[in-house]
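Worksheet for the structure shown next.
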Number of protein chains: 2
Amino acid sequence: MIEVKIGNGMAVTDTPVAHIECFDCPIRHRAVCARCETDELEALEAIKYYRTFDAGQTVIWSGDRMDFVGSVMEGIATLSQTMEDGRTQMVGLLLPSDFVGRPGRESAAYDVTATTQLTMCCFRRKPFEELMIRTPHIGQRLLEMTLDELDAAREWMLLLGRKTAREKIASLLAIIARRDATLKLGPTRGRIVFDLPLTREAMADYLGLTLETVSRQISALKRDGVIVLEGKRHVTVPDFDRLLGETGDDSDGGMPA
Amino acid sequence: MIEVKIGNGMAVTDTPVAHIECFDCPIRHRAVCARCETDELEALEAIKYYRTFDAGQTVIWSGDRMDFVGSVMEGIATLSQTMEDGRTQMVGLLLPSDFVGRPGRESAAYDVTATTQLTMCCFRRKPFEELMIRTPHIGQRLLEMTLDELDAAREWMLLLGRKTAREKIASLLAIIARRDATLKLGPTRGRIVFDLPLTREAMADYLGLTLETVSRQISALKRDGVIVLEGKRHVTVPDFDRLLGETGDDSDGGMPA
DNA sequence: CGCAAGCTTGAGTATTATCAAACGAAGTGG
DNA sequence: CCACTTCGTTTGATAATACTCAAGCTTGCG
């Protein structure tokens, strides 16, 4: 273990990771480098390094100088904003292959936190920006990913502005369930089983609720048989369509048209 | 006046507009074409056309086939989503130079509505997409604009999830005031005067409130001297810092860091 | 003039937040 | 091994914010 100082002086334990060749990278076909040719991958290879974080650790604080951009390799991170008085709102959930940072921006705009064990593939920012100018494939893919994120953010605006607490919880469970099923190549209908990667408090920050309301609504969904819980985190959805019916979205699940 | 049929059969009055040369375009330096060279502008010129809409008219409905993308030239439009039971949430406010549509997407993802008299500069979608491949300047600018929109969306998520009704109204007024001041090259401190481009209902849809709550909070801000109203739409802010103090943001106005 | 649209205000209600207490699991130190 | 703590969570009682339903007010227009 190596002690590393980041921006505001907070000490973070940063474990060295075996270097993976881009060619063998598990997120290669979905990340910002998805469209890169072999020579372009080599250029990225030269400016990349890995960092890992434990669950709960902060990757970077809003306002801190940010000398890298990068991709989530493994694990889950969150983007959040905090008001002066402490109210916080999560504004992004970062999954493997998602991109962190904005080329051209000096400092972080949001707090980035690992909610599980997290591995990131980081690129030094300046060289990455120079590479982007020479390599349209990177910018093209980043545009595509950013447009997708914008759609997701707008979907989330509907949830935050107009859904009830129960619908919010159901929507979050549906999103996690669907993603988990896709990842494991399982079905996205019928019985689905997964683990919640978020605490009740993180869910509350994501949904614009208090953690008590989250807890109560989860209990209510459990009582009504929409979900079955083993422990606090292990969820079984006996009938995914039933869950979708609780989200308030139309039956296709509320994907942007 | 020409009668034009759009996607779902709704008739829209569509006024022909004198063709403006890109070179003379008032939004040229801020729109998606901002980085284009002379020859690139000529290529855009060849595939562009203007359309105008009256206040209240729908530009396109979510799910409708969309054969164009384009920029707002003049006026204001909104992007919104509607749930089955009629609850609606505005997810974007489109101002002059803002871009509408997503290259590569066949159908509209949101309802687009003109809230004032609106002029749009439209590009036929297919030729635009082909042009984008040959012209990195367009994609680069679109990436920049999309990243800005994503930041704005995330700022709005904080508002929707965590701010009180009063803070929401104050935030909206501050955003409109600031923009108006910037546009008119006025001060962004002290006394600011502007017109609201939105009805109370549109404000409610933007803020995730009911129109009654919007009305009450505007009355409250008026009673407390934070704003002065002449009629329903003409607003005077005697002390912009005072208004900012009501938004819940830190004093810099809550711009993303 | 009378109507419609947009807006304001009031009364009562409901949903969610707040404050408070207590539980279970995991980890620590005596 | 067993208190003892801590963290995440659940649940209850109460309060507050915003919603719903309803009435009535301006303003502009046919």
Side-chain angles (χ1 to χ4, degrees), chain A residues 54-57 78 83 85-89 113 115-116 159-173 195-224 227-235 246 248, chain B residues 54-57 78 83 85-89 113 115-116 159-173 195-224 227-235 246 248:
Chain A
D54 292 332
Q57 278 191 325
T78 64
M83 296 170 68
D85 60 8
R87 283 176 281 176
T88 77
Q89 174 65 49
T113 311
T115 66
T116 64
L159 177 147
L160 290 171
R162 292 304 185 193
K163 289 191 179 181
T164 65
R166 185 182 175 96
E167 288 170 340
K168 286 178 174 181
I169 297 287
S171 299
L172 180 59
L173 293 175
D195 283 296
L196 285 172
L198 302 174
T199 65
R200 299 288 186 268
E201 188 179 18
M203 293 171 72
D205 284 344
Y206 205 167
L207 300 170
L209 299 169
T210 59
L211 68 90
E212 293 95 331
T213 299
V214 169
S215 184
R216 275 186 247 274
Q217 295 299 333
I218 288 179
S219 297
L221 290 174
K222 187 168 63 174
R223 186 173 353 96
D224 298 344
I227 58 174
V228 178
L229 276 184
E230 289 168 75
K232 313 295 186 187
R233 299 291 193 91
H234 193 73
V235 182
E246 297 283 354
Chain B
D54 291 331
Q57 278 191 325
T78 64
M83 295 169 68
D85 60 6
R87 282 176 281 177
T88 76
Q89 175 63 51
T113 310
T115 66
T116 65
L159 177 145
L160 290 171
R162 294 302 185 194
K163 289 192 178 179
T164 64
R166 185 182 174 98
E167 287 170 340
K168 286 177 173 182
I169 298 288
S171 299
L172 180 59
L173 293 175
D195 283 296
L196 284 173
L198 301 174
T199 65
R200 299 289 186 266
E201 187 179 19
M203 293 173 71
D205 284 344
Y206 205 168
L207 299 170
L209 298 170
T210 58
L211 68 90
E212 292 96 330
T213 299
V214 169
S215 183
R216 275 187 249 273
Q217 294 299 333
I218 288 179
S219 297
L221 289 174
K222 186 169 64 176
R223 187 174 349 100
D224 298 344
I227 58 174
V228 179
L229 277 184
E230 290 169 73
K232 313 296 185 186
R233 300 291 194 90
H234 193 74
V235 181
E246 298 282 355

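Every heavy atom of this structure was used, including side-chain atoms; hydrogens, water molecules and symmetry mates were not. Chain identifiers are assigned alphabetically (A, B, ...) following the order of the sequence lines, protein sequences preceding nucleic acid strands; residue numbering begins at 1 within each chain.
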Counting heavy atoms from C-beta on, name the nucleotide in [options] closest to the side chain of [X].
X        : options                : answer
A/Glu212 : C/dT8, D/dA18, C/dC19  : C/dC19
B/Thr199 : D/dT9, C/dT8, C/dC7    : C/dC7
A/Leu209 : C/dT16, C/dT18, D/dT10 : C/dT16

For [N], take OP1 and OP2 only and decide whether either is under 4.0 Å from a side-chain N or O of [X].
X        : N      : value
A/Ser215 : D/dT9  : no
B/Thr210 : D/dC19 : yes
A/Thr213 : C/dA17 : yes

remark   = Residues B/Thr115 and B/Ala55: closest non-hydrogen pair is O-CB, 3.7 Å
ask   = Any chance CD of B/Glu212 has more than 12 other-residue heavy atoms, nucleotides or ligands included, within less than 6.0 Å?
value = yes
pair [X]-[Y]: side-chain heavy atoms closer than 4.5 Å:
X        : Y        : result
A/Ile227 : A/Leu173 : yes
B/Leu209 : B/Lys168 : yes
B/Lys232 : B/Arg200 : yes

Distance check needed: [N] [atom2] versus [X] [atom1], whole Å only.
X        : N      : atom1 : atom2 : result
B/Asp205 : D/dC19 : CG    : P     : 12 Å
B/Lys163 : D/dA18 : NZ    : C1'   : 18 Å
B/Arg216 : D/dA16 : CZ    : C1'   : 15 Å
A/Arg166 : C/dA17 : CZ    : C1'   : 19 Å
B/Lys232 : C/dA4  : NZ    : C1'   : 15 Å
A/Ile169 : C/dT15 : CD1   : C1'   : 14 Å
A/Leu211 : C/dT16 : CG    : C1'   : 13 Å
B/Gln217 : D/dA16 : CD    : C1'   : 13 Å

request  = Could you check whether A/Arg233 gets within reach of a base, just the sugar-phosphate, or nothing at all, counting any heavy atom under 4.0 Å?
outcome  = sugar-phosphate
request  = Would you indicate what B/Gly56 reaches in the nucleic acid, counting non-hydrogen atoms under 4.0 angstrom: base, sugar-phosphate, or nothing?
outcome  = nothing
request  = Let me know, please, whether A/Arg162 or A/Val214 comes out on the 5' side of the other along DNA chain D by nearest nucleotide.
outcome  = A/Val214
